[in-house]
Amino acid sequence: MRTTKFVLCFILLVGVQVSSTDLDKALESFIASTIGKSSGGSNSDAIQNLFNLYKKEFNRKTQTTNEEKLRLDSFSASLNTLVDHHRQGEKAYTLGLNNHSDWTQDELTKLNGVRVPQGNILTTNAKAGERFTTWDGKIATGKTSLPTSYDYTTRVASGTNVPVVQPIKDQGNCGSCYTFAFISLLEFQYAVQLKASQSLSEQQMVDCSTKDNGCNGGYFTNTFSYILSNLWQVNTESYYPYKAVKNTCVFKSTGPEVKYGSLLYSTVTPNNAAAMQQALVNYGPLWVSVFAGNSSASYQQILSRFGGYKSGIWQPSGCPTSLASTNHAVVIVGYGVDATTNIPYWKVRNSWGTSWGEAGYFRIQSGVNMCGIESGPFYIAKPA
């Protein structure tokens with residue numbers, strides 16, 4: 001076995017393969033040795049050594065000196081964000097290193113692919129008086145008593161052991177979050193209607209949904225309009241795999257595909273956490289959009305901190321809350337109250353891989369429209 005030797009601050013790693021545990025311990029040591037220094041006083045050798053560990057953990061291979069410098073500079077900026085977060089003593093959520101820690105702010109911004117349409121947004125495609133079926137096959141009867149917590153990631157389709165939520169995916173460096181969120185809802189419908197598990201094609205939405213803009217963003221109603229026009233047909237991911245770039249539409253109805261019967265969608269009353277909980281429990285996960293920061297001077301910190309989110313309840317200060325300000329699509333899969341802080345939260349599925357956040361998920365404060373998450377939720381259901 002090939003071995004590597006690194007010295008980082010006070011840690012000596014000799015003759016071992018780099019693991020996430022090694023990187024986490026090295027990061028803890030770096031922060032501890034840096035936290036007492038004035039801002040900007042970090043040791044460049046320690047940063048370089050930590051970056052070397054990071055590159056091995058995330059299999060980074062730069063091709064040029066300029067690219068190496070760009071990645072090191074971006075990584076150093078991520079470290080500064082972590083150290084500043086520790087200095088400020090924020091306890092509700094933690095930051096860490098992940099697959100995006102050497103990305104530039106422009107690259108992070110590109111991931112935020114929500115483009116809220118101008119003008120009125122159609123709140124439902126249901127006809128007047130048309131009723132929806134709950135996810136477990138019943139007819140919704142209005143408000144019901146809600147559990148104190150709920151989590152679709154632990155649930156299975158009725159009468160089976162089929163999970164209703166697929167494993168976390170990764171949108172790569174394409175602003176296609178809107179289609180990953182949308183496909184999550186279709187995969188949920190597949191599981192509860194057909195009692196089977198199937199990964200569906202995000203790439204089909206990127207290539208074929210002409211009202212959306214591929215890797216440059218889109219919105220729920222546009223993607224739903226495409227599925228309706230395509231007669232509710234979606235190819236499987238294995239047949240139409242994800243490429244993270246927009247290409248010519250190659251959907252084939254003769255290929256491995258899922259064909260739904262008619263589907264309905266609806267919005268939930270904005271800024272109403274109780275109504276969102278009711279819709280979640282009745283119909284399934286909610287497509288939502290949040291403000292995840294941008295590269296402007298006012299919101300760079302939110303962008304950097306959300307990019308480095310590791311655990312806890314996301315509640316950044318100064319986050320805008322209007323629907324028009326939201327820029328990243330995610331999926332609410334549950335809710336609860338944090339046992340340590342007593343902060344109520346939404347459990348949310350992201351599309352940035354499992355190295356980000358809580359194994360690909362994050363929790364965000366609920367009931368206050370944090371970062372706009374309660375400003376425009378949607379759900380999909382089967383008509384009664």
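Values below: all heavy atoms of this structure, side chains included; hydrogens, waters and symmetry mates excluded.
The closest donor-acceptor contact from the side chain of Q203 to the backbone of K243 lies under 3.5 Å. Checking side-chain atoms of R155 against main-chain N and O of V164 turns up no donor-acceptor pair under 3.5 Å.
A cation-pi contact, defined as under 6.0 Å to the ring centre and within 45° of the axis, is absent between K211 and Y226.
A salt bridge does not link E67 with R60: every distance from a Lys NZ or Arg NE/NH1/NH2 to an Asp or Glu carboxylate oxygen is 4.0 Å or more. With salt bridges taken as basic N to acidic carboxylate O contacts below 4.0 Å, none links D106 and K110.
Between N173 atom CG and L108 atom CG the span is 11.0 Å, to the nearest 0.5 Å. In this structure, CD1 in I183 is found 11.0 Å from OH in Y178, a value given to the nearest 0.5 Å. Taken to the nearest 0.5 Å, the OG atom of S304 stands 12.5 Å off from the NE2 atom of H85.
Among residues at least two apart or in separate chains, there is no disulfide bond (SG atoms under 2.5 Å apart) pair with a member in residues 119-173.
Residues L23 and F58 are in side-chain contact: their nearest non-hydrogen atoms beyond the backbone lie under 4.5 Å apart.
Side-chain contact, S289 with T326: a donor N or O sits under 3.5 Å from an acceptor N or O.
Among F378, Y379, F220, the single residue meeting the ring-ring contact (aromatic ring centres under 6.0 Å, His included) criterion with F182 is F220.
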Please list, one pair per line, the donor and acceptor atoms closer than 3.5 Å that link side chains of residues 339-346 to other protein atoms, with sequence neighbours excluded.
{"residue": "T341", "atom": "OG1", "partner": "D338", "partner atom": "OD2", "Å": "2.9"}
{"residue": "T341", "atom": "OG1", "partner": "I343", "partner atom": "N", "Å": "3.3"}
{"residue": "W346", "atom": "NE1", "partner": "E374", "partner atom": "OE2", "Å": "2.9"}

